[in-house]
*Asks:* 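Pasting in a structure now, in structure tokens, and then I'll have a few things to ask.
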There are 2 protein chains.
Amino acid sequence: MVNILVVEDDRNLQKLMKAVLRQQGYNVLSANDGGEALEIIDKSHVDLVISDIMMPNMNGFDLTEALRKSNYNLPILMITAKETLEDKRKGFLVGTDDYMVKPIDMDEMGFRVAALLRRSRIANEARLSIGEIELNYDTLTVKSKEESVLLPKKEFYLLFKLLSYPKQIFTRQQIMDEIWGMDVDTDERTVDVHIKRLREKFSHFEEFEIITVRGLGYKVEIKI
Amino acid sequence: MVNILVVEDDRNLQKLMKAVLRQQGYNVLSANDGGEALEIIDKSHVDLVISDIMMPNMNGFDLTEALRKSNYNLPILMITAKETLEDKRKGFLVGTDDYMVKPIDMDEMGFRVAALLRRSRIANEARLSIGEIELNYDTLTVKSKEESVLLPKKEFYLLFKLLSYPKQIFTRQQIMDEIWGMDVDTDERTVDVHIKRLREKFSHFEEFEIITVRGLGYKVEIKI
DNA sequence: ATAAATGTTCATATTGAGTTCACATGAAAA
DNA sequence: TTTTCATGTGAACTCAATATGAACATTTAT
């Protein structure tokens with residue numbers, strides 16, 4: 001069950017948002033200002049916060065700041081009154097993830113909420129994404145739009161390392177040290193073979209290319 | 001984090017209960033009567049309610065009734081004063097899950113709370129459906145369109161776990177810890193045998209496949 | 001108590017990731 | 001151009017991880 005906390009002092013708007021979100025299958029909590037919100041977040045499990053900026057007592061900025069300083073890593077959707085560019089900028093500065101301008105379109109709200117949740121879930125299972133490519137460290141999987149490739153451990157770690165620092169050149173020694181471990185004593189050419197296998201597995205990928213830097217080592221180049 | 005709401009007008013008893021429950025690692029909220037309780041439940045995420053029956057304003061019966069009518073499906077542990085058989089019967093009628101008689105033994109309370117939580121958790125995730133396949137946790141049964149397979153416990157739990165998080169790789173250790181329990185000391189290879197048996201039982205299923213990830217563990221891949 | 005079902009262990013076969021090797025290729029140095 | 005040397009590549013090899021059949025142990029049902 002996804003819990004969304006609505007922080008809004010305008011009771012009517014709050015009611016409307018709650019109704020719409022519940023309608024869409026979310027579990028909704030509510031607070032009338034930032035202080036109340038913090039209390040609820042402390043006590044309950046909250047997955048996403050939708051907060052107005054202008055509120056009595058603790059406002060939306062203070063709330064976001066407080067949340068960022070604690071280690072709750074909640075996605076926050078801000079609501080700014082009218083087109084106050086100042087507000088927007090400030091909101092982003094303190095760590096908002098997205099924002100909407102009043103008057104709020106309820107469809108848009110649903111859309112943004114879904115997007116934020118999707119993002120935060122992806123972020124939680126965490127890994128690396130390069131354009132359309134996504135590497136998942138836990139499943140040793142490389143996903144592109146069409147396919148999902150499961151790699152052997154060593155190959156995956158190697159690709160992960162290279163892609164984590166595109167353009168950076170890694171010597172075979174560096175690679176061996178990090179992926180094989182300092183102590184082991186395997187031939188450096190083994191790296192070549194892994195590179196070769198990665199190359200053939202991803203030869204049809206347009207997004208990146210493993211490049212040999214003669215005399216030094218390998219690097220990855222992001223294309224497109 | 002498990003949130004327990006204690007609804008009790010006797011401040012001393014309330015304090016004691018809160019202290020004991022917190023001691024046991026729960027997050028505790030409290031209310032002094034049914035009305036307050038409903039408010040809190042509305043705002044916060046509550047996992048279990050412990051409620052006295054006799055209270056000013058809205059009493060325990062009214063509270064349970066209100067909760068059942070709304071679609072909160074919370075486990076409720078009732079507290080009755082003395083051995084009032086009338087109370088017991090009435091409490092159960094309106095949907096209580098368990099009850100205790102005053103004076104309350106704090107150990108007993110802990111035990112009942114744990115039991116209720118366990119039950120409600122199982123009840124909440126008792127069913128899993130993947131496409132046309134449906135797993136029923138209570139009957140240890142896997143149903144597809146044509147057939148219904150009854151599995152031995154261990155096999156079922158293993159499959160259930162894997163199917164609950166498709167694509168996620170589980171190490172043998174993780175599997176043993178969760179299904180066999182942290183303490184037991186059975187050979188990790190036993191997992192292999194269960195996997196093998198699952199594989200032969202479901203080899204003709206088109207919907208999923210158990211995949212070994214060499215050096216890491218197993219995962220399930222949803223096909224079609 | 002006995003049989004049947006489930007769970008575990010074990011011995012052996014099979015597999016495949018990781019490694020090595022031998023030779024091919026191609027860039028840079030001479 | 002020729003030579004040299006780093007890298008590419010296909011294939012063989014190795015060995016630990018996994019698969020598997022069957023025996024053995026334990027629990028559950030009859």
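Letters A, B, ... are given to chains in the order of the sequence lines, protein chains preceding strands, and every chain is numbered from 1. Given the structure is predicted, the values throughout are model-derived calculations rather than measurements.
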*Asks:* How would you label the contact of A:Arg189 with the nucleic acid (heavy atoms, under 4.0 Å): base, sugar-phosphate, or nothing?
*Replies:*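 Since a base atom lies under 4.0 Å of A:Arg189, the category is base.
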
*Asks:* In whole angstroms, how far is the P atom of D:dT27 from the NZ atom of B:Lys154?
*Replies:*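 My rounded result for the distance is 10 Å.
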
*Asks:* Shortest non-hydrogen contact from A:Gln168 to A:Lys219?
*Replies:*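 Heavy atoms of A:Gln168 and A:Lys219 come nearest at O-CB, 3.2 Å.
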
*Asks:* Can you check whether A:Trp180 has a side-chain N or O nearer than 4.0 Å to OP1 or OP2 of C:dT19?
*Replies:*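 Yes.
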
*Asks:* Measure up the A:Phe208 and A:Phe202 rings against each other and bin them: parallel (under 30°), tilted (30 to 60°), perpendicular (over 60°).
*Replies:*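 Taking A:Phe202 first and then A:Phe208, their aromatic rings sit tilted (interplane angle of 30° to 60°).
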
*Asks:* Does a side chain donor of either B:Asp52 or B:Gln14 reach within less than 3.5 Å of an acceptor in the other side chain?
*Replies:*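 B:Asp52 vs B:Gln14: no donor-acceptor pair found between side chains.
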
*Asks:* Using atom CD of B:Gln173 as one end and atom P of D:dT18 as the other, report the distance to the nearest whole Å.
*Replies:*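 B:Gln173 atom CD is separated from D:dT18 atom P by 13 Å.
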
*Asks:* Output the rounded distance in Å from OH (B:Tyr218) to C1' (D:dA19).
*Replies:*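 The distance from OH of B:Tyr218 to C1' of D:dA19 comes to 8 Å, rounded to the nearest Å.
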
*Asks:* Expressed in angstrom and rounded to an integer, what is the separation of B:Asp187 atom CG from D:dT20 atom C1'?
*Replies:*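 In whole Å, D:dT20 C1' lies 15 Å from B:Asp187 CG.
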
*Asks:* Atom CD of B:Glu188 and atom C1' of C:dC10: how far apart are they, to the nearest Å?
*Replies:*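 Interatomic distance, CD of B:Glu188 to C1' of C:dC10: 16 Å.
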
*Asks:* With a 4.0 Å cutoff (strictly under), does any side-chain N or O of A:Arg199 reach OP1 or OP2 of D:dG8?
*Replies:*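 Answer is yes, contact under 4.0 Å.
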
*Asks:* Between B:Glu200 and B:Gly215, which residue's closest nucleotide on DNA chain D lies nearer the 5′ terminus?
*Replies:*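 Checking each residue's closest nucleotide, the 5'-ward one belongs to B:Gly215.
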
*Asks:* Would you say the base of D:dA6 and the side-chain of A:Arg214 have a donor-acceptor pair closer than 3.5 Å?
*Replies:*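 For A:Arg214, whose side chain was compared with the base of D:dA6, there is a donor-acceptor pair (under 3.5 Å).
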
*Asks:* Report yes if at least one side-chain N or O of B:His194 is closer than 4.0 Å to OP1 or OP2 of C:dT8; otherwise report no.
*Replies:*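 Affirmative; the distance criterion is met.
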
*Asks:* Is any side-chain N or O of A:Arg197 closer than 4.0 Å to OP1 or OP2 of D:dG10?
*Replies:*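 Checking D:dG10 against A:Arg197, no side-chain N or O comes under 4.0 Å of OP1 or OP2.
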
*Asks:* I need the CD1-P distance between A:Ile195 and D:dT7, as an integer number of Å.
*Replies:*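 Rounded to whole Å, this separation is 11 Å.
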
*Asks:* Nearest to the side chain of A:Thr212, which nucleotide is it out of C:dT6, C:dT8, D:dT7?
*Replies:*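 From the listed options, D:dT7 comes nearest.
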
*Asks:* Under 4.0 Å, counting only non-hydrogen atoms across every strand here, what does B:Thr190 touch: a base, just sugar-phosphate, or nothing?
*Replies:*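 Counting heavy atoms under 4.0 Å across all strands, the contact made by B:Thr190 includes a base.
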
*Asks:* To the nearest Å, give me how far apart CG (A:Asp192) and P (C:dT19) are.
*Replies:*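 Interatomic distance, CG of A:Asp192 to P of C:dT19: 13 Å.
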
*Asks:* What is the separation between atom CG on A:Leu198 and atom C1' on C:dG18, rounded to the nearest whole Å?
*Replies:*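 These atoms are roughly 13 Å apart.
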
*Asks:* For B:Lys196, which contact category applies under a 4.0 Å heavy-atom criterion: base, sugar-phosphate, or nothing?
*Replies:*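 Contact class for B:Lys196: base.
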
*Asks:* Quick check for you: to the nearest 0.5 Å, what is the distance between A:Leu198 atom CG and A:Ile210 atom CD1?
*Replies:*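 So the gap between those two atoms works out to 4.5 Å.
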
*Asks:* What are the two closest non-hydrogen atoms of B:Met176 and B:Asp187, and how far apart are they?
*Replies:*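 That would be SD-O, 3.8 Å.
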
